[in-house]
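Worksheet: the structure to be examined is printed underneath.
The basis for the numbers below is simple: all heavy atoms, side chains too, and nothing from hydrogens, waters or symmetry mates. Every number for a ligand or one of its atoms is a count from 1 in the order of the listing.
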Amino acid sequence: TERTLSIIKPDATKRNLTGKIAAKFEEAGLRIVASKRILLTKEQAGKFYAVHAERPFFGELTEFMASGPVVVQVLEGEGAIAKNREVMGATNPADAAPGTIRAEFAESVGENSVHGSDAPDAAAEEIAFFFSGLELV
Ligand code: ATP
Ligand code: MG
């Protein structure tokens, strides 16, 4: 079975939506196999989102990701990476399909409640960014 890295972003933790979002993962057949609530520095957020370093919204994105606690989770299931992206919905909540996390909860294209790995190599790298081997069972 596949694993992917999920982040419940600061806009969602601020509005106390952690449980409602986690329920969406479970309803989709994804199992939460690791979970913790942390506060990133802007530098750590920049390292995590380094692929976007040249994008115009990079400063805004890293500031936002450091603006409050996030809940980082490892989700496991068959086709977990694609399944999680499906449950999340489109990056811009205005384009997100009904019933998806971003359609129901996201506030804007920037403050869009969740992150999910987009490919197997990214998932492995992102899981290792936040979790040690001992935390992964
Ligand atoms: P994520 O990587 O967070 O799962 P995604 O893969 O749907 O989201 P990306 O294109 O990878 O979208 O963008 C990463 C994040 O950068 C988005 O989730 C969003 O928070 C932010 N972002 C993307 N586009 C914009 C934009 N035009 N303005 C502001 N923020 C943006
Ligand atoms: Mg992305």
Side-chain angles (χ1 to χ4, degrees):
T1 54
E2 195 171 69
R3 287 181 169 186
T4 190
L5 190 279
S6 164
I7 305 179
I8 302 177
K9 295 184 180 183
D11 66 286
T13 62
K14 200 173 300 171
R15 288 176 289 144
N16 206 18
L17 294 170
T18 299
K20 284 199 171 94
I21 290 172
K24 292 273 195 192
F25 299 144
E26 294 183 341
E27 282 160 17
L30 293 165
R31 180 178 299 274
I32 301 164
V33 297
S35 183
K36 60 188 173 190
R37 182 174 181 269
I38 58 174
L39 181 59
L40 293 170
T41 64
K42 193 177 171 184
E43 291 66 36
Q44 290 167 330
K47 209 175 153 199
F48 179 78
Y49 272 126
V51 289
H52 298 308
E54 303 308 319
R55 304 269 207 106
F57 55 80
F58 183 68
E60 187 187 325
L61 173 61
T62 54
E63 214 148 282
F64 164 61
M65 291 300 288
S67 69
V70 297
V71 175
V72 293
Q73 299 182 311
V74 178
L75 309 179
E76 182 181 88
E78 210 169 295
I81 295 168
K83 191 174 276 182
N84 181 41
R85 300 283 300 183
E86 209 176 293
V87 176
M88 288 164 58
T91 309
N92 186 342
D95 303 326
T100 61
I101 291 167
R102 282 164 169 168
E104 287 195 14
F105 303 124
E107 312 209 271
S108 65
V109 65
E111 308 207 352
N112 60 3
S113 302
V114 280
H115 161 84
S117 310
D118 59 11
D121 56 335
E125 198 176 309
E126 292 178 1
I127 289 169
F129 186 90
F130 287 111
F131 293 96
S132 77
L134 278 173
E135 293 173 299
L136 294 164
V137 293

Around [atom], find the nearest protein heavy atom and jot down its residue, atom name and distance.
| atom | value |
| --- | --- |
| atom 23 (C) of ligand 1 | Phe57 CZ, 3.4 Å |
| atom 1 (P) of ligand 1 | His115 ND1, 3.1 Å |
| atom 12 (O) of ligand 1 | Thr91 OG1, 3.4 Å |
| atom 19 (C) of ligand 1 | Val109 O, 3.2 Å |
| atom 6 (O) of ligand 1 | Arg85 NH1, 3.0 Å |
| atom 13 (O) of ligand 1 | His52 NE2, 3.6 Å |
| atom 3 (O) of ligand 1 | Tyr49 OH, 2.7 Å |

Which atoms of ligand 1 sit under 4.0 Å from any heavy atom of [X]?
| X | result |
| --- | --- |
| Asn112 | 17 (C), 18 (O), 19 (C), 20 (O) |
| Met88 | 4 (O) |
| Gly116 | 4 (O) |
| Arg102 | 1 (P), 3 (O), 4 (O), 7 (O), 8 (O), 18 (O) |
| Lys9 | 3 (O), 17 (C), 18 (O), 20 (O) |

- Message: If you count heavy atoms of other groups shown closer than 6.0 angstrom to CZ of Arg31, is the number above 12?
- Response: no
Margin query: Please determine whether the number of non-hydrogen atoms from other residues, nucleotides or ligands lying under 6.0 Å from atom CD of Glu135 exceeds 12.
Written below: yes
Measuring from atom [atom1] of [X] to atom [atom2] of [Y], what distance do you get when rounded to the nearest 0.5 angstrom?
| X | Y | atom1 | atom2 | result |
| --- | --- | --- | --- | --- |
| Leu40 | Ser67 | CG | OG | 10.0 Å |
| Ser117 | Ile81 | OG | CD1 | 6.5 Å |
| Lys83 | Glu76 | NZ | CD | 11.5 Å |
| Asn84 | Leu30 | CG | CG | 6.0 Å |
| Thr18 | Gln73 | OG1 | CD | 8.0 Å |

Do the rings of Phe48 and His115 sit parallel, tilted or perpendicular, given the 30° and 60° boundaries?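 Aromatic pair Phe48/His115 classed perpendicular.
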Indicate, as side chain, backbone, both or neither, the part of [X] found under 4.0 angstrom from ligand 1 when only non-hydrogen atoms are considered.
| X | result |
| --- | --- |
| Leu61 | side chain |
| Glu60 | side chain |
| Phe64 | neither |

Paired with Ile7, the side chain to side chain contact (heavy atoms under 4.5 Å, CB included) test is passed by just one of Thr13, Val71, Val72, namely Val72
Do Gly110 and ligand 1 have an N or O pair less than 3.5 Å apart? yes
* Tell me, please, whether Phe131 has Lys36 positioned over its six-membered ring: NZ or CZ under 6.0 Å from the ring centre and within 45 degrees of its axis? =>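 Output yes; distance and angle both within limits.
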